[in-house]
> 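Sharing a structure, written as structure tokens. Questions coming.
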2 protein chains.
Amino acid sequence: MARTAGSDGERTEAAIREAAVSLMARHGYEAMSMRQLAAEVGVQAAALYRYFPTKQDLLFTLLNEHMETLIAAWDAARPRNADPAVCLAAFVDNHIRFHVARRHSTHVSNMELRSLSHERLSHMLRLRARYEKELRQILREGAEDGSFVMEDVGLTAMAIIQMITGVIVWFRPDERLSVDEVTKSYLAMTLRLVGAAARETVNVPEHA
Amino acid sequence: MARTAGSDGERTEAAIREAAVSLMARHGYEAMSMRQLAAEVGVQAAALYRYFPTKQDLLFTLLNEHMETLIAAWDAARPRNADPAVCLAAFVDNHIRFHVARRHSTHVSNMELRSLSHERLSHMLRLRARYEKELRQILREGAEDGSFVMEDVGLTAMAIIQMITGVIVWFRPDERLSVDEVTKSYLAMTLRLVGAAARETVNVPEHA
DNA sequence: AGAAGAATAAAACAAACGTTCAATTCATTC
DNA sequence: GAATGAATTGAACGTTTGTTTTATTCTTCT
């Protein structure tokens, strides 16, 4: 009844994070008990508190890491000095691939914000706003230089985000469509949505 | 300690449903306690069990009612013998207005399916599949008669559903945009998304 | 006015919850 | 090989949970 053979702090913490994301994604934050999580890791519940002072701290750590990583990924992937259509394509591509690769933590990020304290919720919303601002910026430039057609920048940004994040709700990587195929289709839909028909999918309106 | 003056079964049940939807939407099904719900209704927790045998029965009742009502609303609103663009427009319009008017129960329907038992989950998924099939049918007809352009019917259906359901995540009826404006914009985006430019938003590709 | 049934309160149940504490073993360093 | 600190256990804490039971009051019908 004490330290177990071969135990290692770093490995245990990583195992906790991984199991927590999986359990929260499947059953929800409130439905996941610390004992259940401990059992999944193969450890007693008390051991969890060596790494995360409270259950909510654990949640916050996971959510924060998810958003920080997403922002960093976009920062690395975004084209510089490119025209709006290229930027938008890069944004959609990065967004879908990132979220598909992290289905579970994306689910948690979308569902469990309400379990955070007020300050931590604000912090997460700020990160989210910062990320969404990138998309609005692209859309605004495209609307100004005439390469995009849209009624409202903010509204279009929300519509696109909802659409491309929604991939993870139904997409399973082992089914009929590959990530590449899905990404390509969503990219085409997005470009049509903002009135920037890609060369290969141009459609000339019949009565024009 | 017993029946209170002016108490009425029907009114109490309606009050329970209403308070439950509101609490579940704001805090989540797991986070809502029966005592908290009872307090919101102005009743003791034990009284709830006169109307719903278990907490999960209460959830199921709400979810089921939501989906049945949605399907009934579409059945009443859908045009008969109309071309795909008209049908699609009607679908988007009905969907957005229905969900905006029922923000709370939509939230619950989207978030709390996982708290249902296996059989009840299956039942809800069947209802959802039946509803989504309507959209796929419209898209398929449009793809076949050439009025729509799309890569994949199923994928496009999911993208549209996610996009137009996502309205309730950010939309607040008391802000800068009215329901009519939002619906109109989303309708325009949807038509462009499937390559069926509405008359007033036709855009002729520059290089055509 | 009295009987019957509908609607609720109050109290209790065992189980599960997040969390804390002290004790104990493993790994590492000197 | 003894000492030190990191890692973990096992038991316990007080709350809160969903639910049940029993008793009581209100309403309605005759």
Side-chain angles (χ1 to χ4, degrees), chain A residues 1-24 26-63 108 112 114-118 120, chain B residues 1-24 26-63 108 112 114-118 120:
Chain A
M1 39 146 115
R3 178 168 192 173
T4 53
S7 60
D8 175 355
E10 284 194 31
R11 260 205 304 269
T12 303
E13 177 169 352
I16 294 174
R17 290 170 116 105
E18 196 175 339
V21 167
S22 171
L23 283 175
M24 286 186 196
R26 282 180 293 150
H27 309 309
Y29 168 78
E30 295 279 356
M32 179 201 77
S33 79
M34 296 300 269
R35 285 173 180 82
Q36 189 183 1
L37 171 57
E40 190 92 354
V41 177
V43 107
Q44 288 296 317
L48 303 175
Y49 290 83
R50 257 215 137 237
Y51 304 94
F52 303 96
T54 70
K55 188 183 180 188
Q56 201 210 117
D57 279 289
L58 170 55
L59 172 62
F60 178 72
T61 301
L62 299 176
L63 294 180
V108 178
E112 310 296 354
R114 65 183 167 201
S115 295
L116 292 176
S117 68
H118 187 68
R120 286 174 160 176
Chain B
M1 42 145 110
R3 179 168 193 174
T4 52
S7 61
D8 174 355
E10 283 193 32
R11 261 206 304 268
T12 303
E13 177 168 352
I16 294 174
R17 290 171 116 106
E18 196 175 338
V21 167
S22 171
L23 283 174
M24 286 186 195
R26 283 179 294 151
H27 309 310
Y29 168 78
E30 296 279 355
M32 179 202 77
S33 78
M34 296 299 269
R35 284 174 180 81
Q36 189 183 1
L37 171 58
E40 191 92 353
V41 177
V43 107
Q44 288 296 315
L48 304 175
Y49 289 83
R50 259 217 132 233
Y51 305 93
F52 303 96
T54 69
K55 189 184 179 186
Q56 201 209 117
D57 279 290
L58 170 56
L59 172 62
F60 177 72
T61 301
L62 299 176
L63 294 179
V108 178
E112 310 295 355
R114 64 184 167 200
S115 295
L116 291 176
S117 68
H118 186 70
R120 286 173 160 177

> Just verifying a value: how many Å separate B/Thr61 OG1 and B/Glu13 CD, rounded to the nearest 0.5 Å?
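So the OG1 of B/Thr61 and the CD of B/Glu13 are separated by 8.0 Å.
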
> Within the structure, does a side-chain N or O atom of A/Thr54 lie under 4.0 Å from either OP1 or OP2 of C/dG18?
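Indeed not, no polar side-chain atom of A/Thr54 lies that close.
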
> Could you check how far CD of B/Glu30 sits from C1' of C/dG18, rounded to whole Å?
15 Å

> First locate atom CG of B/Asp57, then atom OH of B/Tyr51, and finally report the distance between them rounded to the nearest 0.5 Å.
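It comes to 16.0 Å.
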
> Among A/Val108, A/Leu63, A/Leu59, find the one that has a side chain to side chain contact (heavy atoms under 4.5 Å, CB included) with A/Ser115.
A/Leu59

> For B/Lys55 and C/dA16, give me the distance from atom NZ to atom P, rounded to whole Å.
15 Å

> What is the distance from CZ of B/Arg11 to C1' of C/dA6, rounded to the nearest Å?
14 Å

> Rounded to whole angstroms, how far apart are OH on B/Tyr49 and C1' on C/dC13?
13 Å

> Separation of A/Gln36 atom CD from D/dT17 atom P, in whole Å?
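So the two atoms are 18 Å apart, to the nearest Å.
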
> Below 4.0 angstrom, which residues in residues 38-48 of chain A have at least one non-hydrogen atom near DNA chain D?
A/Val43, A/Gln44, A/Ala46, A/Ala47

> Take the protein atom CZ of A/Arg50 and the nucleotide atom P of C/dA22, then report the distance between them rounded to whole Å.
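Going from CZ in A/Arg50 over to P in C/dA22 covers 16 Å.
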
> Measuring from B/Gln36:CD to B/Leu23:CG, what's the distance to the nearest 0.5 Å?
5.0 Å

> What is the distance from atom CD1 of A/Ile16 to atom CZ of A/Phe52, rounded to the nearest 0.5 Å?
6.0 Å

> Could you state the interatomic distance from CG (B/Leu37) to CZ (B/Arg17), rounded to the nearest 0.5 Å?
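Rounded to the nearest 0.5 Å, the CG-CZ separation comes to 12.5 Å.
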
> Respond yes when some side-chain nitrogen or oxygen of A/Thr4 is under 4.0 Å from OP1 or OP2 of D/dA7, and no when none is.
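So the side-chain polar atoms of A/Thr4 never come under 4.0 Å of the phosphate oxygens OP1 or OP2 of D/dA7.
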
> Between C/dC17 atom P and A/Met34 atom CE, what is the distance in whole Å?
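Rounded to whole Å, this separation is 12 Å.
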
> What is the distance from CE of B/Met32 to P of C/dC17, rounded to the nearest Å?
18 Å

> CE/A/Met24 to NZ/A/Lys55 distance, rounded to the nearest 0.5 angstrom?
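A/Met24 CE to A/Lys55 NZ: 7.0 Å, rounded to 0.5 Å.
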
> Which of these nucleotides, D/dA7, D/dT17, C/dG18, is closest to any side-chain atom of A/Ser33?
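Nucleotide nearest to A/Ser33's side chain: C/dG18.
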
> Phosphate oxygens OP1/OP2 of D/dA7: is one of them under 4.0 Å from a side-chain N or O of A/Tyr51?
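So the side-chain polar atoms of A/Tyr51 never come under 4.0 Å of the phosphate oxygens OP1 or OP2 of D/dA7.
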
> Nearest to the side chain of A/Arg35, heavy atoms from C-beta on, is which of C/dC17, C/dT8, D/dT19?
C/dC17

